[in-house]
Enquirer: 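This is the structure, below, for whatever I ask next.
Note that the structure is a prediction, hence the values are computed from the model and not measured.
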Amino acid sequence: MKHGISLTGFDLKRLAVISMVIDHIGSFLLGAMLIPYKNGGTLVVDQSSPISLWRIMQAQEVCDILGRAAFPIFCFLMVEGFLHTHDRVGYGLRMGLFALISEIPYDLAQFHTPFSLRLQNVMFTLTVGIFTLLAVSWAEERWRKTPWLRWGAVIGLTAAGMALALLVRGEYVFLGVLAAVLLYLLRNKGYLRAAGLAPLLVVSPWVLLAAPPILLYNGERGRGSKWFFYVFYPVHFLVFAALAAWISGGI
């Protein structure tokens, strides 16, 4: 009999989705509620600011903290998916397809326009991560008996993946790709594997909230539809874009 708490892959995915939704409540919905307090697009805060403004800002801060667990968990799950799928190329192409599908909803929610090149949705980062891992795993196999060549290739291919992520400009850009490669390279290191999240600390120290659930992962897929997140991701952006427009229009 097994004792203690453990989490399946789908348990982790649910936690990541909840964290992501909380994050977007703060950035999109509470962000829309801040519009009346802005002067020329700039938020003005001083001693005379109303208590309602402070409460909205405090709620945003809480949402931002709780939302920082989302990407590290999704990044971890992407690496797990890469390790266990029978079609790694197909996995990357599927992620890339839904990155494209999600981009207009993302831009509507994030930038209030159907098209923007300022920043792309996080699925683009995960897509680049998958194909970087594909290249790294090829190098591991190709030069498995020549360590100096293997590690040279791994470093070079990781740097190339990071450069591509910077060019694509998905959320977390090259830091996300670097974290994915580290999580992959540490795949057999037990609890030490959580150290792969280290690059994401540059964004926020609160990404460490993802470490405990990741360490509770039991290696099992769990019960649930693999298509849920692919569909939920673009749809939730459309819902938040509509709600934010309603809030800002009704203020």
Enquirer: Counting only N and O atoms by type, is there a donor-acceptor contact under 3.5 Å from the side chain of R150 to the main-chain atoms of E140?
Expert: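 No; judged by distance alone, with no hydrogens or angles, the pair does not exist.
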Enquirer: Can you confirm whether L238 is buried at CG, in the sense that more than 12 heavy atoms of other residues, nucleotides or ligands lie under 6.0 Å from that atom?
Expert: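 More than 12 heavy atoms, drawn from other residues, nucleotides or ligands, come within 6.0 Å of this atom.
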Enquirer: Minimum heavy-atom separation for G9 and Y217, please, with both atom names.
Expert: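 In terms of heavy atoms, the two residues are closest at N-CE1, 3.6 Å.
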Enquirer: With rounding to the nearest 0.5 angstrom, report the CG to CD1 distance, L197 to I214.
Expert: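 It is 4.5 Å, given to the nearest 0.5 Å.
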Enquirer: Looking at W143, I want to see if its CH2 is surrounded by more than 12 non-hydrogen atoms of other residues, nucleotides or ligands under 6.0 Å.
Expert: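 More than 12 heavy atoms, drawn from other residues, nucleotides or ligands, come within 6.0 Å of this atom.
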Enquirer: Check for a donor-acceptor pair, side chain of T132 on one end and backbone N or O of T158 on the other, with a separation under 3.5 Å.
Expert: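 Checking the backbone N and O of T158 against the side chain of T132, no donor-acceptor pair under 3.5 Å is found.
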Enquirer: I would like to know whether L7 and N218 meet side-chain contact (heavy atoms from CB on, under 4.5 Å); could you show each step before the answer?
Expert: CA-CA 6 Å; L7 299 174; N218 60 16; 6.0 Å; no
Enquirer: Are the side chain of D11 and the backbone of T8 linked by a donor-acceptor contact shorter than 3.5 Å?
Expert: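 A pair under 3.5 Å: yes.
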Enquirer: Compare every heavy atom of L185 with every heavy atom of V136, then report the nearest pair and how far apart it is.
Expert: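 Minimum heavy-atom separation between V136 and L185: CG1-CD2, 4.4 Å.
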Enquirer: Cation over ring, R88 on F82, under 6.0 Å and within 45°?
Expert: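 Relative to the ring axis of F82, which defines the angle, R88 lies inside both limits.
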Enquirer: Can you confirm whether R187 is buried at CZ, in the sense that more than 12 heavy atoms of other residues, nucleotides or ligands lie under 6.0 Å from that atom?
Expert: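 More than 12 within 6.0 Å, yes.
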Enquirer: Could you go step by step and tell me if I247 and I35 meet the side-chain contact (heavy atoms from CB on, under 4.5 Å) rule?
Expert: CA-CA 10 Å; I247 290 171; I35 291 175; over 6 Å; no
Enquirer: I want to check something: taking the side chain as every heavy atom from C-beta on, are L126 and F71 in contact at a cut-off of under 4.5 Å?
Expert: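 Yes, side chains in contact.
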Enquirer: Rounded to the nearest 0.5 Å, what separates atom CG in N121 from atom CZ in R169?
Expert: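 It comes to 13.5 Å.
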Enquirer: Mind checking whether F237 and E103 have side chains closer than 4.5 Å, heavy atoms only?
Expert: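 When only atoms from C-beta onward are counted, E103 and F237 do not touch, as no gap falls below 4.5 Å.
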Enquirer: Compare all side-chain heavy atoms of R14 with those of F228 and state whether any distance is below 4.5 angstrom.
Expert: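 No. Closest side-chain heavy atoms not under 4.5 Å.
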Enquirer: Do L133 and L200 share a hydrophobic cluster (ILVMFWY, side-chain heavy atoms under 4.5 Å, transitive)?
Expert: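 Yes, one cluster joins them.
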Enquirer: Any donor and acceptor pair, going by atom type alone, linking the side chain of S102 with main-chain N or O of F98 inside 3.5 Å?
Expert: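 Flag set: sc S102 to bb F98 pair under 3.5 Å.
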Enquirer: I need the R144 CZ to R142 CZ distance, nearest 0.5 Å.
Expert: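 Here the rounded value is 10.0 Å.
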Enquirer: Give a yes or no on whether I73 and L186 share a hydrophobic cluster (residues Ile, Leu, Val, Met, Phe, Trp, Tyr; joining criterion: side-chain heavy atoms under 4.5 Å apart).
Expert: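 No, it is not one cluster - the side chains of I73 and L186 are not joined through contacts under 4.5 Å.
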Enquirer: Are S137 and Y184 close enough that some pair of their side-chain heavy atoms sits under 4.5 Å apart?
Expert: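 Side-chain contact under 4.5 Å: yes.
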Enquirer: Checking side-chain contact (heavy atoms from CB on, under 4.5 Å) for the pair F74/V17: CA distance, chi angles, key distance, verdict?
Expert: CA-CA 9 Å; F74 282 132; V17 167; 4.0 Å; yes
Enquirer: Honestly curious: do V89 and Y91 fall in one hydrophobic cluster under the side-chain, below-4.5 Å linking rule?
Expert: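 V89 clusters together with Y91.
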Enquirer: Evaluate the side-chain contact (heavy atoms from CB on, under 4.5 Å) criterion for residues H236 and M20: first the C-alpha distance (whole Å), next the side-chain angles of each, then the deciding distance (0.1 Å), finally the verdict.
Expert: CA-CA 10 Å; H236 98 283; M20 179 182 69; 3.7 Å; yes
Enquirer: Considering non-hydrogen atoms only, spot the tightest contact between A99 and T127 and give its length.
Expert: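 So the two residues come closest at CB-OG1, 4.3 Å.
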Enquirer: Hydrophobic clusters here meaning ILVMFWY residues chained together by side-chain heavy-atom distances under 4.5 Å, can you tell me if I22 and L34 are in one?
Expert: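 No.
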Enquirer: Quick one: does V181's side chain get under 4.5 Å of M162's, heavy atoms only?
Expert: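 A side-chain contact under 4.5 Å is absent here.
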Enquirer: Go through the steps to decide whether S52 and Y37 satisfy the test side chain to side chain donor-acceptor pair (under 3.5 Å), and finish with yes or no.
Expert: CA-CA 10 Å; S52 57; Y37 301 99; 2.6 Å; yes
Enquirer: State, yes or no, whether a side-chain contact exists between Y230 and V235 at a heavy-atom distance under 4.5 Å.
Expert: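 The answer is no; the side chains never approach within 4.5 Å.
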Enquirer: Is any side-chain heavy atom of I104 less than 4.5 Å from a side-chain heavy atom of L108?
Expert: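 Heavy-atom side-chain distance check passes, below 4.5 Å.
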Enquirer: Taking V122's backbone N and O only, do any of them form a donor-acceptor pair with Y233's side chain (distance below 3.5 Å, no angle check)?
Expert: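 Side chain of Y233 to backbone of V122, a donor-acceptor pair under 3.5 Å: yes, one is there.
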Enquirer: Taking all non-hydrogen atoms of both residues, which atom of C75 and which atom of G176 are closest, and how far apart?
Expert: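 So the two residues come closest at SG-O, 3.8 Å.
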Enquirer: Indicate the atoms forming the closest heavy-atom contact of A69 with S19, along with that distance.
Expert: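 Nearest pair, atom of A69 first, then S19: N-OG, 3.5 Å.
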Enquirer: Does the plane of the ring in F240 sit parallel, tilted or perpendicular to the ring in F28? Use 30° and 60° as the thresholds.
Expert: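 It falls in the tilted class, 30° to 60°.
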Enquirer: Nearest 0.5 angstrom please: T125 OG1 to L119 CG, how far?
Expert: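 Here the rounded value is 7.5 Å.
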Enquirer: Atom CG in L183, atom CG in L178: separation rounded to 0.5 Å?
Expert: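 So the CG of L183 and the CG of L178 are separated by 9.5 Å.
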Enquirer: Going from CD on E80 to NZ on K13, what distance comes out if it is rounded to the nearest 0.5 angstrom?
Expert: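 One finds 11.5 Å between CD of E80 and NZ of K13.
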Enquirer: For the hydrophobic clusters of this structure (ILVMFWY residues joined by side-chain heavy atoms under 4.5 Å, transitively), does one cluster hold both V21 and W206?
Expert: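 They do not share one cluster, since no chain of ILVMFWY contacts under 4.5 Å joins V21 to W206.
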Enquirer: Between A109 and H112, what is the shortest heavy-atom contact and its length?
Expert: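 Of all heavy-atom pairs spanning A109 and H112, the closest is O-CE1, 3.9 Å.
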Enquirer: Please say whether more than 12 non-hydrogen atoms of neighbouring residues, nucleotides or ligands are located less than 6.0 Å from CH2 in W148.
Expert: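 Counting other residues, nucleotides and ligands, CH2 of W148 stays at 12 neighbours or fewer.
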